[in-house]
There are 2 protein chains.
Amino acid sequence: MSGTRRQAPNDPGRKDRILDATLEVVARDGVHGTTHRRIAAAAEVPLGSMTYYFDGMSDLLAQAFARLADTMSLQYRRMLEDAADTAEAETAVVDLICGQAYATHRELTLIFEMYAYANHHPEVRSTMHTWLLRSRESLGLHFPEHVCRALDALVEGWPMHRSFDDAPLDRDLVAATVHAVVTGLGGAAPAGRA
Amino acid sequence: MSGTRRQAPNDPGRKDRILDATLEVVARDGVHGTTHRRIAAAAEVPLGSMTYYFDGMSDLLAQAFARLADTMSLQYRRMLEDAADTAEAETAVVDLICGQAYATHRELTLIFEMYAYANHHPEVRSTMHTWLLRSRESLGLHFPEHVCRALDALVEGWPMHRSFDDAPLDRDLVAATVHAVVTGLGGAAPAGRA
DNA sequence: ACCAAGTGTGTACGCTTGTACAACCTTCGT
DNA sequence: ACGAAGGTTGTACAAGCGTACACACTTGGT
């Protein structure tokens, strides 16, 4: 009457360690410099584990990126959940953009890699799409739909500039812009929409 | 009295054709799937030409991406030069975002690849930086500095969403957002700046 | 017509890669 | 205590890679 499972894994949690190591290598060397061997070395597991736990390189990267998307989505949502009113929500959005806690340099690098990779791998592309929807949903806790779209574009685009610009982001400018979008778009959808 | 040049190239313009082919392959297979052999096939030149014209793969990609940045910068600038007043400039920005003429799907894919690659290659990173400055300069033809920064973030971020969202971009919403940013930030810099 | 001199190329080599798999090891039910 | 079943790994291999380079070709000056 014992279950089908005869033996527990020798090293539970190893799969997760490999996924973490994958993101580490991708952040350091880019997808184009990521190999099974480097990941194995980073995770301190034998090479054979790569094919044992994952069905090839695409599968490995797909799962690693899914993990990244999940982590980021959760942070995103939490920051907006913690806001009590619209004013605090605006501040949260500014924080997301300025990246004190949200998108560190490492994470930004990973996001770039994921974007690029997603364009050539439908499975990752769909993960990306879900992430997008989740972000919008989080913003939706405080703002109307059309404002969410505009804000999310800012949250996406501005940190990217931060990544290639020497000058640090001007927090006051970001705050002013967010405020302009929120109040400027008003409560109603723009002309031409239902 | 003849110059130092003893012989003209047999096939002038081949270097450019290789660069174009490189972008073609990168757009199709991503940087991680780009090889000398595929580029050579796409450009219909022998494999030997790769090492003859370029000093390795990094050099090749760096020059190809520089070409891309140049093309895009020029389009960007032209659209803003053609605007006669601020209202037309706003429309131009909306066009840039909605991507009728500016960032096609192919170009967007290439930009993603370049972003990702730049994070691991200082030379490309600096190309990226120059591009950023040129964009801002183009916007500067019509808008004050701080507005340029906000607008450029939108031009960057929104098309990225377009790339992963099924629903087409809502032009009216984009126009309303651009207008909100331009008028909302007003003529003066936000508090806290000189 | 011919000869340098520079342009262009086919091929070969050493290396790294992804992946498979036979052998080993750990655990659990008995 | 022990066998069997499934978890785990070291190693091997074929494929594909970047790169170098000896050779062939094309051209311009005379």
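Note on naming: letters A, B, ... go to the chains in the order of the sequence lines (proteins, then strands), and numbering restarts at 1 for each one.
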Integer-rounded Å distance: [N] [atom2] and [X] [atom1]:
X     : N      : atom1 : atom2 : answer
A:D11 : D:dG6  : CG    : C1'   : 15 Å
B:M57 : C:dC15 : CE    : P     : 21 Å
B:E44 : C:dG10 : CD    : P     : 14 Å
B:H36 : D:dA15 : NE2   : P     : 23 Å
A:I39 : C:dT19 : CD1   : P     : 11 Å
A:L61 : C:dG18 : CG    : C1'   : 13 Å
B:M50 : D:dC17 : CE    : C1'   : 14 Å
B:N10 : D:dA24 : CG    : C1'   : 12 Å

Minimum-distance nucleotide to [X] side chain [options: [options]]:
X     : options               : value
B:R37 : C:dA12, C:dG18, D:dT8 : C:dA12
B:R38 : C:dG18, D:dC17, D:dG7 : D:dC17
A:P46 : C:dT9, D:dT8, D:dG10  : D:dG10
B:T51 : C:dT9, D:dT19, D:dT8  : D:dT19
B:L47 : C:dT7, D:dT9, D:dT19  : D:dT19

Are the side chain of B:E88 and the backbone N or O of B:D85 linked by a donor-acceptor pair below 3.5 Å? no
Output yes when at least one side-chain N/O atom of A:S49 is less than 4.0 Å from OP1 or OP2 of D:dT8, else no. no
Between A:Y52 and D:dT9, is there a side-chain N or O to OP1/OP2 distance below 4.0 Å?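 No, A:Y52 has no side-chain N/O under 4.0 Å of OP1/OP2 on D:dT9.
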Tell me if the aromatic rings of A:F112 and B:F112 count as close, with their centers under 6.0 Å from one another.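 Here the rings of B:F112 and A:F112 have centres that are no less than 6.0 Å from each other.
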Would you call B:R38 and B:D29 a salt bridge, using N to O less than 4.0 angstrom?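 A salt bridge is present here (some side-chain N lies under 4.0 Å from a carboxylate O).
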N-O pairing of A:R134 and A:D70 below 4.0 Å: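 A salt bridge is present here (some side-chain N lies under 4.0 Å from a carboxylate O).
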Please give me every residue in residues 15-35 of chain A whose heavy atoms get under 4.0 Å of an atom in DNA chain C, ordered by residue number.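 Hits under 4.0 Å, by residue number: A:T34, A:T35.
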Looking at A:R78, I'd like to know if its CZ atom is crowded, meaning that more than 12 non-hydrogen atoms belonging to other residues, nucleotides or ligands lie closer than 6.0 Å. no
Taking atom CG of B:D55 as the centre, report whether more than 12 heavy atoms of other residues, nucleotides or ligands fall under 6.0 Å from it. no
For B:R14, which contact category applies under a 4.0 Å heavy-atom criterion: base, sugar-phosphate, or nothing? sugar-phosphate
What is the nucleic acid contact for B:Y53, judged by heavy atoms within less than 4.0 Å: base, sugar-phosphate only, or nothing?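 Here B:Y53 touches the backbone only, sparing every base.
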Member of A:E113, A:H32, A:R28 meeting the side chain to side chain donor-acceptor pair (under 3.5 Å) criterion with B:H120: A:E113
